[in-house]
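Structure record follows, encoded as structure tokens.
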Amino acid sequence: MTPTTTPTAQAPARTREPDGGAAARVRRRLSGSPAGIAAIVIAVLWTVPTAGLLVSSFRPAEQIRTTGWWTFFASPEVTLDNYRDVLFGSSSDGQLATHFVNSFVITLPSTVFVLVIAALAAYALSWIDFRGRDWIFLGIFALQIVPLQMSLVPLLSFFSQGVSLGEVQILPAWELNGAMAFTNVWVAHTIFGLPLGIFLLHNFISQLPSTLFEAARVDGAGHGTIFLRIVLPLITPALVSLGIFQFLWVWNDLLVALIFTGGDNATAPLTVRLAELAGTRGEAWHRLTAGAFVSMVVPLMVFFLLQRYFVRGLLAGSVKG
Amino acid sequence: MEYSFLNDLPKVVWMLIGIAGFLAVIGLMLVVIDIPRTRRDRWQAALFLAPALILLVGGVVYPVLRTTMLSFFDRSGTEFVGLTNYLWMFQRPEILLVLRNTLLWVVFAPALATAVGLLYAILIDRSRFESIAKSLVFMPMAISLVGASIIWRFVFAYRPADQEQYGLFNQIVVWLGGEPQLWLLNQPLNTFLLILVLIWVQAGFAMVVMSAAIKAIPSEIIEAARIDGAGAWQLFARITLPSVWPTLLVVLITITVQTLKVFDIVRTMTGGNYGTSVIANEMYSQAFQQGQVGQGSALAVFLFVLVIPLVIVQIRRTRKARELA
């Protein structure tokens, strides 16, 4: 069930063509045309809104405010001012460059942490023998269903007040300032990414051939060595898949960032700042259109370069889970 | 203040310290684990699982219990108030509106997103432009819901009738001879327009998964039906639909679970105003903006309860599919 079956799937259609004859080809084309039109209509409906915003983001502010983006094609006039304004301008304009950095600072560690911790756990649950293994796996699997909303209040109070049992303070508040304030968001995103991460990697790791592990153990390798030298290289495709997912999910997230960065300009990612701009300056379309595209550049690049892995992870996650 | 990267440098440094420190600790752990030659699997497993289990118990299991408890306490979490927060949910007209909106979302978004995805997957199956056609519809999946919301706010943008429209929706209305509308302010139409955004995002997901399911149908079956003279509609109703039905249900349930938790779209499009709020958004504004921790927690618990049956159905189906496989 690989999603990239396009070439093979086309093969029968192509081989069928010759023996169908001209009449059959004409009939097929006729019966195909309403379907083709319907497909084109859907594709256009799905593409035009984004295209309109992209075109607008390159138009002079004055024109965005007064005419529709479709008039651009009659009198094209292109500028990068909107991008310069919203990226590097004063903080009231957005100054998205800072938030662009913030998005990276939030996303990269949150992705690395989930990949490593999930791979370790998935390995233990697949190939180390101990009692209760299946129960732990089942428990983690079940945690996937817990909506984020259930965790927010207690987790936030853990960061801001620590843990106390009655009057006794067991763990102190984190009180992290400046750049270190990002740590809260990393921990939160790592937690929320783990259940799906462990589940996906477990599916993959548990299907590796057992002879591999037996041979390694005979040669005297311990679990640490086996994990580093054998498992990690073999599960690279699964790691890439999960990595893309976690990366996009963290990069695109609004709720977790809103709560664990407190909407502070020094730590807030692009999504938080953009949602804020949309709320307070809903009519400043020259900044909003450019800003929206700044936030989309990275996910779109990831999407177009690594689409294959993205789809693979999607199929593994949804169809099986 | 002009932007200078120097101000952001400490963040990047802290990020690198964070990643490097984390990898060093894990690396050290993996080396230490192999030092004792006597292999005690249980202890090694404990070490491998410790980071994940600590985070999950502290960050999900404990919070679930704690939030459930908080939902029975007053706003500051000190006084036990029994079911007051839940009664509040089902008695206040504005919260009932929130529940109704959530119901509208769940009824329309998953069904329409799946229907469009399935239709499109069938239409483009085996066409010459299949991969490009797929990318176009799938692309919204990659961008944030905040970005998607801004795209659609632009489509719905309103100018008074005497000015030129720049929102595509109103321009089309004007071309057709109508009056431009304040789409996002008109109840209950605005909720449906918000739902449209989620359909736009999720149809790509449905399309990709359904497309894989369609390709898994053995071509002999389709050939045989064709030879028997089945038309396009018969082919769909008698063969395609029954074959992909289990996958279709999984897609429906997955999108439904996503829909119940929808927050970003409401937040960015209307801020939950003009009668468009949903449970997930209301939970945020109660717990984090108005300081009503008890009421916010009750909403979160209610959301959890709504999700549980869907996921149980899905797990059951998955297990059945595995047994068959």
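Throughout, a chain's letter reflects where its sequence line sits, starting with A, and its residues are numbered from 1.
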- Message: Need one label for A:L54: side chain, backbone, both or neither, based on atoms under 4.5 Å from any heavy atom in chain B.
- Response: neither

- Would you call the rings of A:F104 and A:F100 parallel, tilted or perpendicular if under 30° counts as parallel and over 60° as perpendicular? perpendicular

- Item | Interchain contact, B:L23 with chain A, by part (heavy-atom threshold 4.5 Å) | side chain

- Task: Side chain from CB out, backbone as N, CA, C, O: work out which of these in B:I150 comes under 4.5 Å of a heavy atom of chain A, or both, or neither.
- Result: both

Considering only distance and modelled atom types, tabulate donor-acceptor pairs under 3.5 Å from the side chains of residues 45-53 of chain A, sequence neighbours left out.
from  : atom 1 : to     : atom 2 : distance (Å)
A:W46 : NE1    : B:W200 : O      : 2.8
A:T47 : OG1    : A:A43  : O      : 2.5

- Task: With side chain to side chain donor-acceptor pair (under 3.5 Å) as the test, would you mind laying out the steps for B:W14 and A:T183 before giving the verdict?
- Result: CA-CA 9 Å; B:W14 177 242; A:T183 316; 3.3 Å; yes

- Task: Side chain from CB out, backbone as N, CA, C, O: work out which of these in B:A52 comes under 4.5 Å of a heavy atom of chain A, or both, or neither.
- Result: both

- Below 4.5 Å from any heavy atom of chain B, which atoms of A:V101 appear? Answer side chain, backbone, both or neither. side chain

- Query: Is it the backbone or the side chain of A:L125 that comes under 4.5 Å from a heavy atom of chain B, or both, or neither?
  - Reply: side chain

- Message: Less than 4.5 Å to any heavy atom of chain B: does that hold for the side chain of A:I106, its backbone, both, or neither?
- Response: neither

- Task: Carefully, step by step, assess B:R66 and B:S297 under the rule side chain to side chain donor-acceptor pair (under 3.5 Å).
- Result: CA-CA 9 Å; B:R66 176 86 185 139; B:S297 299; over 6 Å; no

- Message: Which label fits B:F22 and A:F113: parallel for a plane angle under 30°, tilted from 30 to 60°, or perpendicular past 60°?
- Response: tilted

- Honestly, the part of A:S56 sitting under 4.5 Å from a heavy atom of chain B is side chain

- With sequence neighbours excluded, give me every salt bridge (charged side-chain N to carboxylate O under 4.0 Å, His left out) pair touching residues 40-53 of chain A. none

- Task: Let me know if B:V301 has heavy atoms under 4.5 Å from chain A in its side chain, its backbone, both or neither.
- Result: both

- Item | Value rounded to 0.5 Å, distance of OG1 in A:T71 from CD in B:Q171 | 9.0 Å

- When A:N102, A:T190, A:L248 are compared by non-hydrogen pairs under 4.5 Å with chain B, the top option: A:N102

- Item | Part of B:V293 within contact of chain A (heavy atom distance under 4.5 Å) | side chain

- Item | Check: B:Y62 ring centre within less than 6.0 Å of A:F158 ring centre | no

- Quick one: what part of B:P140 sits under 4.5 Å from any heavy atom of chain A, side chain, backbone, both or neither? side chain

- Query: Does any heavy atom of chain A fall under 4.5 Å from the side chain of B:L47, the backbone, both, or neither of them?
  - Reply: neither

- Residue part contacting chain A, namely of B:S135, when any heavy atom lies under 4.5 Å: both

- Which portion of B:F138 sits near chain A, non-hydrogen atoms under 4.5 angstrom: both

- is_close_aromatic(A:W285, B:F154), centroid dist under 6.0 Å: yes

- Item | Toward chain A, the part of B:F263 with a non-hydrogen atom under 4.5 Å | side chain

- Query: At a heavy-atom separation under 4.5 Å, does B:L16 approach chain A through its side chain, its backbone, both, or neither?
  - Reply: neither

- Query: Given a strict heavy-atom distance threshold of 4.5 Å, which part of B:V307 is in contact with chain A: side chain, backbone, both, or neither?
  - Reply: side chain

- Give, as side chain, backbone, both or neither, the part of B:M283 having an atom under 4.5 angstrom from any heavy atom of chain A. side chain

- Check whether any side-chain N or O of B:E164 sits under 3.5 Å from a backbone N or O of A:T67 as a donor-acceptor pair, and report yes or no. no

- Sort A:T66 into side chain, backbone, both or neither according to what part of it lies under 4.5 angstrom from a heavy atom of chain B. backbone

- Task: Below 4.5 Å from any heavy atom of chain B, which atoms of A:I244 appear? Answer side chain, backbone, both or neither.
- Result: neither

- Non-hydrogen atoms of chain A under 4.5 Å away: do they reach the side chain of B:L53, the backbone, both or neither? side chain

- Side-chain ion pair, B:K215 and B:E130, N-O less than 4.0 Å: yes

- Taking B:T67 for its side chain and B:V64 for its backbone only, find out whether a donor-acceptor pair lies under 3.5 Å. no

- Side chain from CB out, backbone as N, CA, C, O: work out which of these in A:F293 comes under 4.5 Å of a heavy atom of chain B, or both, or neither. neither

